[in-house]
Amino acid sequence: MWFPSSCASLCLLAVSIASTRAAVEADPEMKSIPLRTHSLSPPYLDSDMSSRWFDFGGDTIIRADQYIRLASDIPSQSGWLFSRIPITATNWEVEFEFSIAGKGHLHGDGFAMWITKERAQPGPVFGHADKFEGIGLFFDTYKNNRPGVVFPYVMAMMGDGNTAYDLANDGKANEIGGCSARGLRASTVPSRAKLTYFQDKSLSLKLQYKTADTWIDCFTIEPTAKQPLKMPNTAYLGFSAHTGELTDNFDIISVETRNLYNPVAANTGRAKAAAARSSGRGRPPKQSSGWGWFFFKLIFFAGLVGGGYIGYTKYKERQRYQRF
C-alpha cells in the first residue's frame, strides 16, 4: 500500500461524512443511526497508518486524500477491503461513493459490494470467494454473454453458501434484481449507490450517476418462497474488484452505513403491550397462590369449627343453669 507524506495535514482538512440523512424517502417516519464501525471517509487511516474498523488486502492502494483503489488500470489486479466486525443491525442501509475510470476504450472487469458471512477471502468473483453466503452486489463493466443487456450492468445475488456465480453468463442464473447503467463508468458527477435492507421484507438499490443529487431506482426485491431474503447470522461489509486482460481503476471514495428503525412503530408496540397489561390482557388469569391459599382456607375452617365449639359450650352451660 502507498500513503502520501502529507497525510497529517490532509487529516486536518478532511471533511467527515454527514452523520444523518433521510434514510428511506418513502417512509418519513424512518430514522437512522450512523454506524461508525462500518463507515469510511478520507483520510481513511488512523495516525498509525492503519484503520481501526477495516482491513485492506491484495492490490489495494490507499490515497488518504482521494480514494481507496481496489484495483488499478493494470492487467490481473485484485484487491479488497472488509470490515473487522460484523453488522449487527436488523435493518440497514449502505451508501457509498465510487469511481470507475481508465485509459482504454475496452475495460473490465468490475467491482462488488458484499454483505457476507465470508470475510476477506480473495477469489474469482470480482476479487472475492465464490459460493458465498449473503448478498453480493456486482458492478459489471464487461459483457461476456448477456444478449440484449446494456453494460455496465448492476445486479444483486443472494448466496446460500453452495451456489456458484454464473461467470460464463455474467451472473444471469443468479440475479435477483438488477439494471443497466449506461454512463456509470467515467461519470461526470460523483457516482453513488444506496443499498437498503429490511429484514425479511425488502432489498432495494438506488444509483446516482447521471445527475448530481438525483437517485435512480435500480431494483426493489421482496422475499418469496423460492427466494427468501434471509441474511446469515454473522455478516461483514466489504468491497472487492479485479481486472483481467481488460482493466480500469476501481475506487471507493466513501462509505456510510446506517442502522434503520421506526420509533413510531416501536412506541406503538410498547403502548399496546402496556395497555394489554393494564387491562388484564396479555397476562394469564390470576390464579390462587398455591400453599398460601390452602393454609388460609385451613385456618378459616379451623376458626369456624373453633367458634362453633365455643358457642356450643356456652349454650350447654346456659341450659344447665336454667334447670336450677
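Fair warning: this is a prediction, and the values are worked out from it, not measured in the lab.
The minimum heavy-atom distance linking Thr243 with Ala71 is given by the pair CG2-CB, 4.1 Å. Here the closest non-hydrogen pair linking Val125 and Ser240 is O-OG, 4.3 Å. The two residues Ala101 and Arg185 make their nearest non-hydrogen contact at C-NH2, 4.3 Å. Between Tyr209 and Ser187, the closest heavy-atom pair is O-OG, 2.6 Å.
Without hydrogens or angle criteria, Arg258 side chain to Glu95 main chain gives no donor-acceptor distance under 3.5 Å. A donor-acceptor pair under 3.5 Å is formed between the side chain of Thr257 and the backbone N or O of His38. Put simply, the side chain of Ser83 never gets that close to the backbone of Tyr236: no donor and acceptor are under 3.5 Å apart. Panel note: side chain Tyr197, backbone Leu229; a donor-acceptor pair is recorded below 3.5 Å. A side-chain donor-acceptor contact under 3.5 Å links Asp248 to the backbone of Gly102.
The closest side-chain heavy-atom distance from Leu40 to Ile252 is not below 4.5 Å. Residues Val94 and Val255 have side chains in contact (heavy-atom distance under 4.5 Å, counting atoms from C-beta outward). Contact annotation: the side chain of Ser254 approaches that of Arg192 to within less than 4.5 Å [non-hydrogen atoms, C-beta and beyond]. With contacts defined as side-chain heavy-atom distances shorter than 4.5 Å, the pair Thr141/Phe250 qualifies.
Taking NE2 of His128 as the reference point, atom CH2 of Trp80 lies at 10.0 Å (rounded to 0.5 Å). Rounding to the nearest 0.5 angstrom, the gap separating the CD1 atom in Ile176 from the CD1 atom in Ile135 is 6.5 Å. Taken from CH2 in Trp53 to OG in Ser39, the straight-line distance is 11.0 Å, to the nearest 0.5 Å. One finds the CH2 atom of Trp92 at 9.5 Å from the CG atom of Leu260 (value rounded to the nearest 0.5 Å). Interatomic distance, Phe54 CZ to Thr37 OG1, rounded to the nearest 0.5 Å: 7.5 Å. Atom-to-atom distance recorded for Leu246:CG and Asp73:CG is 10.0 Å, nearest 0.5 angstrom.
Lys206 and Glu93 are not joined by a salt bridge, as no carboxylate oxygen comes within less than 4.0 angstrom of a charged side-chain nitrogen. Looking at Arg119 and Asp55, a side-chain N of the basic residue comes within less than 4.0 Å of a carboxylate O on the acidic one, giving a salt bridge.
When the side chains of ILVMFWY residues are joined at heavy-atom separations under 4.5 Å, either directly or via intervening members, Ile253 and Leu45 end up in a single hydrophobic cluster.
Residue Lys143 places its NZ atom among more than 12 non-hydrogen atoms of other residues, nucleotides or ligands, all under 6.0 Å distant. Counting heavy-atom neighbours within 6.0 Å of Asn233 CG, excluding the residue itself, gives a total of 12 or less.
Under the 3.5 Å distance criterion, with hydrogens and angles disregarded, a donor-acceptor pair is assigned to the side chains of Asn145 and Asn169. Residues Asp166 and Asn174 bring no donor and acceptor atom of their side chains to less than 3.5 Å of each other. Of the N and O atoms on the side chains of Ser78 and Asp59, not one donor lies less than 3.5 Å from an acceptor on the other residue.
For Phe111, the ring-ring contact (aromatic ring centres under 6.0 Å, His included) partners two or more places apart in sequence, or in a different chain, are Phe98, Phe139.
Listed by first and then second residue, the disulfide bond (SG atoms under 2.5 Å apart) pairs involving residues 36-148 amount to none (not counting sequence neighbours).
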